[in-house]
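To start, the structure itself, in structure tokens.
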Number of protein chains: 2
Amino acid sequence: MSTEKTRYHHGHLAESLLEAVDEIASQFGIEAVTLRACAKRVGVSPSSAFRHYVDKRALLTAFATRALNQLVDAMEGAKQQVQHHGGNAFHAVGLAYVAFAIAKPAFFRAMWREETIYAQDGDYLAATRKLAQCIQGGFAQTLRDEDPDAFSAQELLAWSSVHGLASLLVDGPLAKGKSRDELLEAASGMIQALDIALDQPV
Amino acid sequence: MSTEKTRYHHGHLAESLLEAVDEIASQFGIEAVTLRACAKRVGVSPSSAFRHYVDKRALLTAFATRALNQLVDAMEGAKQQVQHHGGNAFHAVGLAYVAFAIAKPAFFRAMWREETIYAQDGDYLAATRKLAQCIQGGFAQTLRDEDPDAFSAQELLAWSSVHGLASLLVDGPLAKGKSRDELLEAASGMIQALDIALDQPV
DNA sequence: GAGACGATGTTAACGCCGTTCACATGCAAT
DNA sequence: ATTGCATGTGAACGGCGTTAACATCGTCTC
């Protein structure tokens, strides 16, 4: 380890590059993420990135996976919060989904960019599956042994509405001139309407 | 007018470039859309595009606007179809939304890319507003004189769920290995559940 | 008709991008 | 100590968006 002197071998370049993507995306948006910019921020030559990621798309895939896992963590945190202090778990989890998108729009965009990531990557797929299970978690009626990719109409409605609201707030016209709290309140209202709806028989 | 000989002045370059974006996006995805590729397809030098669009982002904004209007047309067509032949108008309009996204994923992506278009452009904003009204159209209870940007919790739920399903099918893991008809059937089921939900009191 | 002028298209160049390849460096096993 | 391998470097490639100086042409005026 020794000091932080400039060493020829960086040591943790793969993760440091991910961190650079994080910072640049947070500051300037996902479109501004450039291999050269990431390398410069880490203090390394541009070509060194290719020792750890086969191309830019692979780096963005790793970042998307990271972001997905962060989202899952946020949702599970919200669920535990509610389990300890009481409240509607489904509402809390859904709100956490939207809140994450509002707080980290660039991350949310990066997660769902089929054209700029390798969407069939194993780790990425596993992360999306974990997210799906996290959302399905509120549904006792789901048959657990069936195909994990199968969704009931109500599960589909739950994920779609929360995901759609997040998307419309991040990339759509809904957020125009509204504060974070106003957006969260609108989201809370929608999730409440959804919650009522999901109690209805099909 | 005369013949279709190679003339120095193209004549309809602005629209022809839009058409080129359409074709390239359809064939190779929105990420493959390049000013130089569009210019080459039209048979014109790359820099000529800048006589009609201040930059690439402006061209993509015009394309997004066009795509939005196409979506609105599809939805209104579906509505009229139902009005003449009977059926659930809300269901038909929602399904048209999802069907458009499945049929033209690149267009759907282009519509909602805040970072690559000028989302505050007048024409683009007008198109999004028309789309919003098209979706709100099914809701008699909406107070028409109020802020057109205001959405009730139920309207929010309606747009979000349909938009979210479309997004998840286009950029998410839901569509994995499913045929177009299977996807449309799943969408139909979700919209049905949504329709029931929207009849419930808040 | 002649000439001026503005709109539209061209050519050449700039810097930045992702990517590759030959090469340099240093760690670890022998 | 030597070898071998993983990791980082530097220079170069073609493609990108964009600009500026220049070419062409339709149209408006006399």
Side-chain angles (χ1 to χ4, degrees), chain A residues 1-21 23-25 27-64 106 110 113 115-118 121, chain B residues 1-21 23-25 27-64 106 110 113 115-118 121:
Chain A
M1 276 305 129
S2 76
T3 66
E4 289 299 332
K5 280 306 231 182
T6 338
R7 303 187 310 157
Y8 190 92
H9 286 79
H10 179 283
H12 308 286
L13 189 46
E15 292 130 51
S16 295
L17 283 173
L18 272 186
E19 202 58 46
V21 175
E23 293 166 10
I24 295 175
Q27 274 201 336
F28 308 106
I30 194 68
E31 299 290 337
V33 172
T34 267
L35 273 185
R36 295 177 114 102
C38 293
K40 175 178 277 188
R41 178 172 281 255
V42 173
V44 111
S45 85
S47 50
S48 59
F50 293 89
R51 297 280 175 213
H52 303 273
Y53 301 96
V54 306
D55 54 13
K56 183 186 181 184
R57 202 165 173 174
L59 172 60
L60 290 182
T61 303
F63 179 69
R113 294 248 356 271
E115 288 196 350
T116 51
I117 66 178
Y118 290 119
D121 171 80
Chain B
M1 275 307 129
S2 75
T3 67
E4 289 299 334
K5 284 302 238 182
T6 336
R7 303 185 313 154
Y8 190 92
H9 284 80
H10 179 281
H12 308 286
L13 188 48
E15 292 130 51
S16 295
L17 283 173
L18 272 185
E19 203 58 45
V21 175
E23 293 166 11
I24 296 175
Q27 274 202 341
F28 308 106
I30 194 66
E31 299 291 336
V33 172
T34 268
L35 273 186
R36 293 176 115 103
C38 292
K40 174 178 276 188
R41 177 172 283 253
V42 172
V44 110
S45 84
S47 52
S48 58
F50 293 90
R51 297 281 174 212
H52 302 274
Y53 302 96
V54 306
D55 55 13
K56 183 186 181 184
R57 202 166 171 174
L59 173 60
L60 290 182
T61 303
F63 178 70
R113 282 264 189 104
E115 287 196 351
T116 52
I117 66 178
Y118 290 119
D121 171 79

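Remember, predicted model here, so these are calculated numbers, not experimental data. Every chain is numbered from 1, with letters handed out A, B, ... down the list of sequences.
Residue A:Ala106 comes nearest to A:Gly29 through the heavy atom pair CB-CA, 4.3 Å, listed as atom of the first residue, atom of the second, then distance.
Of all nucleotides listed (C:dG18, D:dA21, D:dT9), D:dA21 comes nearest to the side chain of B:Arg51. Each of D:dG17, C:dG18, D:dA21 was ranked by its minimum atom distance to the side chain of A:Lys56; first place goes to C:dG18. Distances from the side chain of A:Ser47 to the nucleotides D:dG10, C:dG18, D:dT19 place D:dG10 closest.
Here the P atom of nucleotide D:dG17 and the CD atom of A:Glu31 are 13 Å apart, to the nearest Å. As a whole-Å value, the separation of A:Leu35 CG from C:dC17 C1' is 9 Å. Going from atom OH of A:Tyr53 over to atom P of C:dG18 covers 15 Å, rounded to whole Å. Across the protein-nucleic acid pair, B:Asp55 atom CG and D:dC16 atom C1' stand 14 Å apart, rounded to whole Å. Between the P atom of D:dC16 and the CZ atom of B:Phe28 lies a distance of 13 Å, rounded to the nearest Å. Separating the NZ atom of B:Lys40 from the C1' atom of C:dT10 is a distance of 16 Å, rounded to the nearest angstrom.
The base of C:dG26 does not come close enough to the side chain of A:Arg7 for any donor and acceptor atom to sit less than 3.5 Å apart.
Judged purely by atom type and a 3.5 angstrom limit, A:Glu31 has no side-chain atom pairing as donor or acceptor with the backbone of B:Glu115.
Within the 4.0 Å cut-off from OP1 or OP2 of C:dG18, at least one side-chain nitrogen or oxygen of A:Thr34 is found. Taking only side-chain nitrogens and oxygens, B:His52 comes nearer than 4.0 Å to OP1 or OP2 of C:dG9. Considering only side-chain N and O atoms, B:Ser48 lies nowhere under 4.0 angstrom from the phosphate OP1 or OP2 of C:dG9.
In this structure, the side chains of B:Tyr53 and B:Thr61 stay at 4.5 Å or more apart for every pair of heavy atoms.
In this structure, B:Ser16 OG and B:Glu19 CD are separated by 8.0 Å, a value rounded to the nearest 0.5 Å.
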